[in-house]
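Data block below; observations after.
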Amino acid sequence: KAGVTQTPRYLIKTRGQQVTLSCSPISGHRSVSWYQQTPGQGLQFLFEYFSETQRNKGNFPGRFSGRQFSNSRSEMNVSTLELGDSALYLCASSFDFVGPKGGELFFGEGSRLTVL
Amino acid sequence: GENVEQHPSTLSVQEGDSAVIKCTYSDSASNYFPWYKQELGKGPQLIIDIRSNVGEKKDQRIAVTLNKTAKHFSLHITETQPEDSAVYFCAEGGGSQGNLIFGKGTKLSVKP
């Protein structure tokens with residue numbers, strides 16, 4: 001069973017540009033979550049999509065957006081890039097809710113974004 | 001907002017010693033507490049989790065304890081090995097946030 005696949009793995013952008021990251025969840029998983037990982041800040045939740053609808057959202061500015069397609073694949077977009085957006089962006093998938101009655105959250109290896 | 005505090009941020013132990021990482025949380029409704037291990041260049045991977053109706057769970061050299069009254073939970077690794085070296089994250093879920101909230105991580109180094 002293939003894991004969570006993220007593309008691209010590495011990318012370099014300049015301030016003001018925009019970027020789109022892609023995530024293919026584990027087959028059968030309908031929930032896709034995105035996290036931003038920076039040194040010292042851990043994993044910060046961006047948003048979660050379930051069946052093409054944003055189900056949950058973290059405290060990030062509107063420059064960060066996402067979407068999910070009917071095949072559960074997801075993309076996130078960051079517009080007007082800032083230096084502080086340099087980070088590892090992690091995608092994670094699960095069958096549904098993660099919790100005591102739900103399933104496990106599986107992470108991809110991330111897309112490392114560097115903003116110059 | 002709800003958050004998870006994790007300590008220590010770095011931990012260095014000798015091979016064979018035990019390592020303990022502690023987390024505290026604030027959301028009383030949280031009822032799911034997973035621990036993730038992140039090796040260099042990889043995404044986090046679940047190593048053990050505990051539900052709120054259980055006080056302790058063990059899986060070989062790894063154990064997690066939960067004190068819901070005090071709102072803290074801990075990861076215990078016994079007989080550490082160099083391959084245990086990684087960043088460990090605690091998280092809480094099932095609460096009002098609807099998603100997992102992670103601590104800031106502990107970088108564990110096991111010296112041979």
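The chains referred to below are lettered A, B, ... by the order of the sequence lines, with proteins before strands, and numbering in each begins at 1.
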Can a salt bridge be assigned to the pair Asp49(B) and Arg51(B) using a cut-off of 4.0 Å between side-chain N and carboxylate O? yes
Cut-off 4.5 Å, heavy atoms of chain B, and the answer for Phe106(A) is neither
Are Phe60(A) and Phe45(A) an aromatic pair, judged by ring center distance below 6.0 Å? no
Under 4.5 Å to a heavy atom of chain B? For Leu90(A) that would be side chain
Turns out that what part of Arg55(A) lies under 4.5 Å from chain B's heavy atoms comes down to neither
Are Arg61(B) and Glu79(B) close enough for a salt bridge, meaning some N to O gap below 4.0 Å? no
Pair count under 4.5 Å, heavy atoms only, with chain B: among Glu48(A), Gln41(A), Gln44(A), highest is Gln41(A)
**OP:** Look at Lys37(B) together with Glu39(B) and state whether they make a salt bridge at an N to O cut-off of under 4.0 Å.
**Re:** yes
Looking only at Pro44(B), Gly103(B), Gly41(B), Pro34(B), the option with the highest number of non-hydrogen pairs under 4.5 Å against chain A is Pro44(B)
Okay, Gln6(A) and chain B: the region with an atom under 4.5 Å from a heavy atom over there is neither
Cut-off 4.5 Å, heavy atoms of chain A, and the answer for Gln38(B) is side chain
Heaviest contributor of heavy-atom pairs below 4.5 Å to chain A, chosen from Asn53(B), Leu100(B), Val87(B), Ile50(B), is Leu100(B)
Applying a strict 4.5 Å limit to non-hydrogen atoms, the region of Tyr36(B) in contact with chain A is side chain
- Can we say Arg15(A) and Asp85(A) salt-bridge, meaning some charged N sits less than 4.0 Å from an Asp/Glu carboxylate O? no
- Query: Does the pair Arg9(A)/Glu109(A) count as a salt bridge with the N-to-O cut at 4.0 Å?
  - Reply: yes
Take the angle between the ring planes of Tyr25(B) and Phe33(B) and call it parallel below 30°, perpendicular above 60°, tilted in between. tilted
